[in-house]
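Written out below as structure tokens is the structure these notes cover.
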Amino acid sequence: MDKNKLPSRDVFSSKFGVIAAAAGSAVGLGNIWKFPYITGVYGGAAFLFVYLGFIALIGLPIMLSEFYIGRKSRKNVFGAFKYLAPGSPWKFVGVLGVSAAFMILAFYGVVAGWSIDYIIKAVTDSFAAKSPDEMESMFFNFIESPISPILYQLLFMVMTMAIVIIGVKDGIEKYAKFLMPLLVVIIIVLCVRSVTLDGASEGLKFLFYPDFSKLTPDGILSALGHAFFSLSLGMGTLVTYGSYIDDTNNLTKTAVQVTIADTAIAMLAGIAIFPAVFAFGIEPSSGPGLVFITLPNVFQQMPGGFFFSILFFVLLTVAALTSSISILEVVVAYFREELNLKRNFATILATIMISVIGVFCSLSMGMLKEYTIFGLNFFDLLDWISANLLLPLGGLFISLFVGWYLGRKKIEEELLKGSKVVGWLVTIFMFLVKVVAPTAIAIVFLHGLGVFNFV
Ligand code: PFF
């Protein structure tokens, strides 16, 4: 077997394998680190509700579209567009995706590196007897220092690279299957401790009791961007995974399951964090450090906290890995298909290029803090451009492609494989991808970027 050619045409060995791998891509730092932090920045419940609306009306249909494109073409995102729309410019959606993948993995690796450092901090009992203020300075001292965050970031990138080189089945399926459920168990334990802290109710109110006057156009755009980011949509990741799904799989069901799992885990993370944020008097809008500052305080206040904290940061790192491999795959697939590079060489090259960008992301937290564009440091800039611009733009094109270019007949044919999809469900799906998703994305874009003011 030519290992350079075959992995992309492997199919998953079990239905659970597909769901585990797609959910492994979706569930990651986006749920546990980014969701709470941006919900805090944009004011809590109102942001959450808008986010949930985008997940259901835009995220889910686009996820199904990506699976569809992948399975139909049995190709990665570039090959897929070339195959389904030969000779057309649709393949440039793939180029958008690769740019997004570069940017996302650059800052993702940095945050995953923080998580590795927190494993060490947990093992060496560094959270013991620290006040919330001390936790905060510990976090900032670390991320602002020039060397160690970079070393951890590079370590994480090497781990990601190694798994991608090993290949899809061994690499993804095996770990995701049992470690993700374990992470959920720990988060539930954290939720229980967090909601029973004194003053926890304020946090629950912040998370679930909406004040829509707090919503800003930028907040709505971020909710849209995060729906894409969290579900791994808009850059072809799930097209590639869809190409591994066999024809007996019910795509609709898989998409619904992955979406529910991803959203549930983000909600649980929110319930674990916000009550504690209020109980410990931490500022909910304190930014990217929110989880790293808050959770160690919770661990300190619970029996077995020492062990839970180690396990939590280990599993957070694993969750980050099952996502980062899916991001790296997008770039590797591009390098292989378009530049004709060998798989392993493509993987190493992509890892090096992305890691170098990541080094600057890390430095922009400390040494290069003063260099900002539109008021954002390099780290935040890459996050903002990729999640809020490139992914929704990719999603817009994907929905137009499926809704208008391919059309109902082809979709129905494909969705009927492995399931008995009833007609009205296809009608709803078509309406969402043809009309609702593109219109909503366009409006949120123009509004968020200040081109139009709709209210
Ligand atoms: N969905 C991942 C998370 O929530 O951490 C991040 C991600 C993975 C984004 C893959 C985009 C992607 F294509």
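Nothing here was measured: the structure is a model prediction, and the numbers come from that model. All ligand and atom numbering here is 1-based and tracks the order in the structure.
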Should the ring pair Tyr37 and Trp33 be called parallel, tilted or perpendicular, given that the plane angle runs from 0 to 90° and is split at 30 and 60? tilted

Determine whether the aromatic ring centres of Phe156 and Tyr108 lie less than 6.0 Å apart. no

Asp262 to ligand 1: N or O pair under 3.5 Å? no

How about Tyr371: does its OH atom have over 12 heavy atoms from other parts shown lying under 6.0 Å from it? no

Using a heavy-atom cut-off of under 4.0 Å, does the side chain or the backbone of Ser232 touch ligand 1, or both, or neither? both

Distance to 0.1 Å, residue and atom name: give those for the protein heavy atom nearest to atom 5 (O) of ligand 1. Tyr108 OH, 2.4 Å

Polar proximity ligand 1 side, Gly30 side, N/O cut 3.5 Å exclusive: yes

Taking 4.0 Å as the limit for heavy-atom contacts, which would you say applies to Phe228 with ligand 1: side chain only, backbone only, both, or neither? neither

Near Leu29, which atoms of ligand 1 are under 4.0 Å from a heavy atom of that residue? 5 (O)

Where is the nearest protein heavy atom to atom 13 (F) of ligand 1: which residue, which atom, and how far? Thr237 OG1, 2.4 Å

Taking the six-membered ring of Phe229, is the NZ or CZ of Lys34 close enough (under 6.0 Å from the centre) and on axis enough (within 45°)? yes

Which protein non-hydrogen atom lies closest to atom 4 (O) of ligand 1, naming both residue and atom, and how far is it? Ala26 O, 2.9 Å

Considering the heavy atoms of Asn31, write down every atom of ligand 1 situated less than 4.0 Å from one of them. 4 (O)

Closest protein heavy atom (residue, atom, distance) for atom 2 (C) of ligand 1: Ser25 O, 3.3 Å

Is the Trp114-Tyr152 ring centre distance short of 6.0 angstrom? no

Sidechain N-carboxylate O distance under 4.0 Å for Glu337, Lys75: no

Can you tell me if His226 uses its side chain to pair, donor with acceptor, with the backbone of Gly30 under 3.5 Å? yes

Can you tell me if Gln153 uses its side chain to pair, donor with acceptor, with the backbone of Val111 under 3.5 Å? no

Atoms of ligand 1, numbered as shown, that sit under 4.0 Å from any heavy atom of Ser326: 10 (C)

Which residue supplies the protein heavy atom nearest to atom 1 (N) of ligand 1, what is that atom called, and how far is it? Phe229 O, 2.7 Å

When you measure from the side chain of Ser326 to the backbone N and O of Ser323, does any donor-acceptor pair fall under 3.5 Å? yes

In terms of atom number and element, which parts of ligand 1 are under 4.0 angstrom from non-hydrogen atoms of Met235? 12 (C), 13 (F)

